[in-house]
Amino acid sequence: MTNQELADTFERIANLLDIKGEIVYKTLAYRRVAENLRVFPEDINTVFKENRLAEVPGVGKAISEKITELLETGQLGFLERLKEEVPLSLIDLLQVPDVGPRKAALFWKQAGVTNLAELDTAARAGKLRALPGMGEKSEARILSGLEALGRRSKRMLLGTAWPIARRWLDWLRQQPGVQRAEAAGSLRRWRSTIGDLDLVAASDHPAEVMDAFIHHPEVMRVLGQGENKSSIELSSGLKLQLWVQPPQRFGTLWVYATGSKDHNVRIRELAQKKGLSLSEQALVDGQGEETLYDSEEKVYAALGFPWIPPELREDRGEVQAAKAGQLPELLELSDIRAELHAHSTWSDGVETIEGMAQAARGRGYKVLAITDHSGGLGIANGLSVERLCQQKDAIQLAQEKMGDSIRLLNGTEVDIMADGSIYYPDEVLAELDIVIASLHASLRQPRQVITARLLKAIHNPHVDIIGHPSGRLLPDREGADLDWEAVLAGAKESGVALEINADPVRLDLDEVYARRAAEMGIVMSIATDAHSIESLEHMEYGVAVARRAWCGPGSVLNAWPAEKLVGWLKKRGYSGEDIRNLTTKDTKNTKIS
DNA sequence: GCCGTTTTCGGCCCGACTGTTTTCAGTCG
């Protein structure tokens, strides 16, 4: 069983116990352990064998025994008995908006509903309105919730969400009385995928802002409306939530709405230990006296520690680190000086080499690697050895036109074949400045096979970077079933860099493994895999993954000064000339016009 | 069910909003 499967099992147990009516703190314990398992960077089977289960946060005696039973037998008697008590299909009801464990239990016990279809039938037949605590409005809400479930899109990509959010924020900032409007929630924490869009605003006239919000022309349905909080649904099925407070309360509001929920719980616990109570409105002392904060910095300072960057607010140790004065120095977008993975019209890109070079220079980069696809499976107009040789001349020509303003690296994104061999022969790879090796096909090989395949590439001395290591596609296609412990250990041993692919559909290496890699001292390359000028802009999403992985600029190859980057490449077989003049001119954040 | 420089037992974040209710339960973030 994998960490994810184990987490799913405990999540299921938590839901069933909730419906059964178990005390919430017990179900909370199962939920917490599920979440912790999802982000635990080591294979739980290894942890189990080494008798270290207690190292997983939230694992105590009872859950430790359940993990043991699950890993040894693949089954769990406790869950089997639970399933006999509470139908498993009841869990589906919890997806319906406004249906939680108590309503699910009510519909089941008093209306005989055990699944979504039966809930729909019962609601249409008007059988729900008669139940205790229900009425016509509640029944109607269930029905529209069921409809919404049908058109609800999956979690949205971060790269899709941000442009929409920016448009709404621009609109909000133009509304009368709005002094400030910002993104919050998982969007502001830059999670890879986003559920609803959360926005916050500061205004002395919240009611007017709310009124404008729910009457925005794109609103299809108003899900809730109040003085401080409203939520709407667009015709696309996307939900937006807006919180509004007066400016002097904006700090506590923004902390609250940014979350994560677990982070909020953690800092509120700390407030409690100081005899204080923290909410989105204010910090309240024992006498009920409010203190208001207009900035997040002041809220955190009042709790006794420095401001925590939103990307870290996941209750993964950031509060403890902040208290100890040990928050990491995080990578910034402005630290990025090179693009090490880009395509051109030579393979499946839509821009010429020169066009990409000019765009990269325009972003202030000192180095651009042209890494078109290799041949192999006939994908993406991949380059034969012959065309690869011709491309070298074309890159040289573009370099001459660009002068010393940016260094072009003659590279490749070469295919790792199904047997782990590299598409180009060693003598061809040796001629290149930079070699990215990527998995593109046969991603469904069994774990042992695909891990060995990737390790073979990792240990090829000509390979500098492993591109999008897992091959996952968000939000649905899982990556390869890799033995990450072995992959990371192999990368550490060989000195190869792992890519954090910044394409919003990839964001691969995942933040969990990126954090582990950084801890192990493995170097990473954040790269957009750009196929056009526009996609060079995706760099910010890759940087966000690194930040969520607690990475500083030291771990990131393309945040290094050009001299250091070239030094690293040279050790790995860089065949190009030195980067003349660039190193002396290379100052951080300098844009070349 | 977990957890502990205020606890090995008694806690476990906090408030907005909705609908069904005459004071509250449920859901949500």
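In what follows, chains are A, B, ... by sequence order, proteins preceding strands, each numbered from 1.
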Touch check for A:I267, heavy atoms < 4.0 angstrom, all strands: base, sugar-phosphate only, or nothing? nothing
Between C1' of B:dC13 and CG of A:L303, the distance in whole Å: 13 Å
Would you mind reading off the distance between A:I19 atom CD1 and B:dG26 atom C1', rounded to a whole angstrom? 14 Å
Looking only at side-chain N and O atoms, does A:T258 offer a donor or acceptor that is under 3.5 Å from a partner on A:R189? no
If you measure from the C1' atom in B:dC13 to the same atom in B:dC28, how many Å do you get, rounded? 14 Å
Any donor-acceptor pair under 3.5 Å linking the side-chain atoms of A:Q241 with those of A:D198? yes
Checking base pairs now: Watson-Crick or wobble, both atom distances under 3.5 Å. What partners B:dT8? none
Got a second to check how far A:I232's CD1 is from A:L223's CG, nearest 0.5 Å? 8.5 Å
On the nucleotide B:dG1, are OP1 or OP2 found under 4.0 Å from the side-chain N or O atoms that A:Y30 carries? yes
Could you state the CG-C1' distance from A:D262 to B:dC2, rounded to the nearest angstrom? 14 Å
State yes or no: are the ring centers of A:Y256 and A:W243 separated by less than 6.0 Å? yes
Are A:N36 and A:R316 close enough that a side-chain donor and a side-chain acceptor fall under 3.5 Å? no
Output the single nucleotide from B:dG15, B:dT27, B:dG1 whose closest atom is nearest the side chain of A:R102. B:dT27
Pick base, sugar-phosphate or nothing for A:Q245, based on heavy-atom distances below 4.0 Å to the nucleic acid. nothing
Can you tell which of B:dC2, B:dC13, B:dC28 lies closest to the side chain of A:K229? B:dC28
Protein-nucleotide distance (A:R129, atom CZ; B:dT18, atom P), rounded to Å: 21 Å
Tell me whether the side-chain N/O atoms of A:S138 come closer than 4.0 Å to OP1 or OP2 in B:dT18. no
Pairwise P distance, B:dT20 and B:dG15 [rounded to whole Å]: 26 Å
For nucleotides B:dC12 and B:dT22, find the distance between their C1' atoms and express it as a whole number of Å. 32 Å
Winner on side-chain proximity to A:K103, out of B:dG26, B:dC17, B:dT20, is B:dG26
Ignoring backbone atoms, establish whether A:Q281 has a side-chain N or O less than 4.0 Å from OP1 or OP2 of B:dA16. yes
Among B:dC17, B:dG1, B:dC13, find the nucleotide with the atom closest to the side chain of A:V265. B:dC13
Does OP1 or OP2 of B:dG1 have a side-chain N or O of A:K26 closer than 4.0 Å? yes
Here's a test of your reading of the structure: between A:K61 and A:S277, which maps to the more 5' nucleotide of DNA chain B? A:K61
Under a 3.5 Å threshold, yes or no: a donor from one side chain and an acceptor from the other, between A:S260 and A:R313? no
Give A:P101 one of three labels, base, sugar-phosphate or nothing, depending on what nucleic acid heavy atoms sit under 4.0 Å from its own. sugar-phosphate
Just how far, in rounded Å, is P of B:dA25 from CE of A:M134? 17 Å
Rounded to whole Å, CD1 of A:I63 lies from P of B:dC3 at a distance of 8 Å
Distance check needed: B:dC12 P versus A:K261 NZ, whole Å only. 16 Å
Which part of the nucleic acid does A:K66 contact within heavy-atom distance under 4.0 Å: base, sugar-phosphate only, or nothing? sugar-phosphate
When the C1' atoms of B:dC14 and B:dT8 are considered, how many whole Å apart are they? 28 Å
Between A:E55 (CD) and B:dC3 (P), how many Å, whole number? 13 Å
In whole angstrom, give me the gap between the P atoms of B:dT21 and B:dG26. 13 Å
Select base, sugar-phosphate, or nothing to describe what A:R141 touches, counting heavy atoms under 4.0 Å on all strands. sugar-phosphate
Shortest side-chain distance from A:W243, nucleotide among B:dT18, B:dG29, B:dT20: B:dG29
Check every strand shown and say whether A:Y256 touches a base, only sugar-phosphate, or nothing at a heavy-atom separation below 4.0 Å. base
Expressed in whole Å, how much space separates the P atoms belonging to B:dT7 and B:dC17? 39 Å
Side-chain donor or acceptor of A:E118 paired with backbone N/O of A:T114 under 3.5 Å: yes
Please check the phosphate of B:dC12 (OP1 and OP2 only) for any side-chain N or O of A:Q272 closer than 4.0 Å. yes
Between A:A29 and A:D98, whichever has its closest DNA chain B nucleotide further toward 5' is A:A29
